[in-house]
Undergrad: 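This is the structure I have questions about; it appears just below.
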Amino acid sequence: QVQFVESGGGLVQPGGSLRLSCAASGFTLENYNLGWFRQAPGKEREGVSCFDRHSGRAYYDDSVKGRFTISRDSAKNTVYLQMNSLKPEDTAVYYCAAGYGVGLHPGEYDYWGQGTQVTVSS
């Protein structure tokens with residue numbers, strides 16, 4: 001059974017950090033391009049970061065560039081999103097994704113995590 005299990009969300013003060021984890025089972029992350037997305041209330045799901053398995057390059061939305069880092073641990077079959085210098089506007093439900101497409105559009109991805117809430121507030 002293909003499954004993504006997310007963890008690591010929570011409440012953090014502005015300027016703080018969180019690391020989101022997404023553990024895969026039933027498939028091997030190395031065989032897919034990976035992405036992180038977020039969706040705030042009343043807004044469309046937007047791409048935050050993606051990782052191209054062929055080039056080994058990571059891409060970021062301008063809103064998080066320099067603050068967020070996507071990474072993959074092949075031994076643990078897990079993808080991470082390290083989030084630093086968090087801002088209130090980063091508040092959203094965050095989703096991990098895997099697929100054969102690449103980029104920051106949700107339609108490029110086939111497998112999705114269940115989502116984890118990140119709230120940045122003082």
Undergrad: With a 6.0 Å cut-off on ring centres, are F51 and Y80 close enough?
TA: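 No, they do not, as the ring centres are separated by 6.0 Å or more.
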Undergrad: Return the minimal non-hydrogen interatomic distance between D61 and S63, and the atom names on each side.
TA: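 Scanning both residues completely, I find the closest heavy atoms to be OD2-OG, 2.5 Å.
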Undergrad: Rounded to the nearest 0.5 Å, what separates atom CG in N33 from atom NE2 in H54?
TA: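 Those atoms lie 6.0 Å apart.
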Undergrad: Partners of S7 by side-chain hydrogen bond (donor to acceptor under 3.5 Å, both in side chains), sequence neighbours excluded?
TA: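 Partners of S7 by the side-chain hydrogen bond (donor to acceptor under 3.5 Å, both in side chains) criterion come out as none, since no residue qualifies.
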Undergrad: With rounding to the nearest 0.5 Å, note down the distance linking CG in D52 to CZ in R57.
TA: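 It is 9.0 Å, given to the nearest 0.5 Å.
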Undergrad: Flag the pair R72 / S74 as yes when at least one side-chain heavy-atom distance between them is below 4.5 Å, and no otherwise.
TA: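 Of all side-chain heavy-atom pairs linking S74 with R72, at least one is under 4.5 Å.
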Undergrad: Are V2 and V5 in one and the same hydrophobic cluster, where Ile, Leu, Val, Met, Phe, Trp and Tyr link if side-chain heavy atoms are under 4.5 Å apart?
TA: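 The answer is no; the residues belong to distinct hydrophobic clusters.
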Undergrad: Applying the ring pair (Phe, Tyr, Trp, His ring centres under 6.0 Å) criterion to Y109, which one of W36, F4, F37 satisfies it?
TA: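 One option only clears the test, and that one is F37.
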Undergrad: Verify, without hydrogens or angle tests, whether N77 (side chain) and G26 (backbone) share a donor-acceptor contact under 3.5 angstrom.
TA: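 Side chain of N77 to backbone of G26, a donor-acceptor pair under 3.5 Å: no, none is there.
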Undergrad: Using atom types as modelled and distance alone, determine if a side-chain donor or acceptor of S122 lies under 3.5 Å from a backbone N or O of Q13.
TA: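 Side chain of S122 to backbone of Q13, a donor-acceptor pair under 3.5 Å: no, none is there.
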Undergrad: Locate the shortest heavy-atom distance separating T116 from E6; write the atom from each residue and the value.
TA: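 So the two residues come closest at CG2-OE1, 3.4 Å.
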Undergrad: Quick one: closest heavy-atom pair of A40 and A92, and the distance?
TA: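 Closest approach of A40 to A92: N-CB, 3.8 Å.
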Undergrad: Does the gap between the ring centers of Y100 and Y32 come in under 6.0 Å?
TA: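 Judged by ring-centre distance (under 6.0 Å), Y100 and Y32 do meet the cut-off.
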Undergrad: Under a 4.0 Å threshold between the charged nitrogen and the carboxylate oxygen, would D90 count as salt-bridged to K87?
TA: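 No.
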Undergrad: Just how far is it from atom CG of L81 to atom CG of L34, taken to the nearest 0.5 Å?
TA: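 Answer rounded to 0.5 Å: 11.5 Å.
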Undergrad: If you group Ile, Leu, Val, Met, Phe, Trp and Tyr by side-chain heavy-atom gaps below 4.5 Å, do L20 and V64 land in one group?
TA: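 They do share one cluster, since a chain of ILVMFWY contacts under 4.5 Å joins L20 to V64.
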Undergrad: Quick one: pull up CG in L11 and CD in Q117 and give me the separation to the nearest 0.5 Å.
TA: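 That separation rounds to 9.5 Å.
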Undergrad: I need the minimum non-hydrogen distance between T78 and S21, along with the two atoms involved.
TA: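 Here T78 and S21 meet closest at CG2-CB, 4.3 Å.
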Undergrad: Identify the two heavy atoms, one from L18 and one from L86, that lie closest to each other, and give their separation to 0.1 Å.
TA: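 For L18 versus L86, the nearest heavy atoms are N-CD1, 3.9 Å.
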Undergrad: Measure the spacing between CD of E44 and CD of Q39 and express it to the nearest 0.5 Å.
TA: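 CD of Q39 is found 8.0 Å from CD of E44.
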Undergrad: CZ/R38 to CZ/R45 distance, rounded to the nearest 0.5 angstrom?
TA: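 R38 CZ to R45 CZ: 13.0 Å, rounded to 0.5 Å.
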Undergrad: Using the rule that Ile, Leu, Val, Met, Phe, Trp and Tyr join whenever any side-chain heavy atoms are under 4.5 Å apart, tell me whether V48 and Y60 fall into a single cluster.
TA: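 Cluster IDs for V48 and Y60 match.
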Undergrad: Side chains of S25 and Q1: closer than 4.5 Å at any heavy-atom pair?
TA: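 A side-chain contact is absent here, since even the closest heavy-atom pair is not under 4.5 Å.
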Undergrad: Answer yes if Y111 and Y94 sit in the same cluster of Ile, Leu, Val, Met, Phe, Trp and Tyr residues linked by side chain heavy atoms under 4.5 Å apart, and no otherwise.
TA: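 Cluster IDs for Y111 and Y94 match.
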Undergrad: Between W112 and Y95, how do the two ring planes meet: parallel, tilted or perpendicular, split at 30° and 60°?
TA: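 Ring orientation, 0 to 90° scale: perpendicular.
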Undergrad: Within the supplied structure, the quantity of interest is the number of heavy atoms (other residues, nucleotides, ligands) at a distance under 6.0 Å from K65 NZ; does it exceed 12?
TA: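 Atom NZ in K65 is packed in, count exceeds 12.
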Undergrad: For I70 and A58, work out which heavy atoms get closest and say how close.
TA: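 Between these two residues, the closest heavy atoms are CG2-CB, 3.6 Å.
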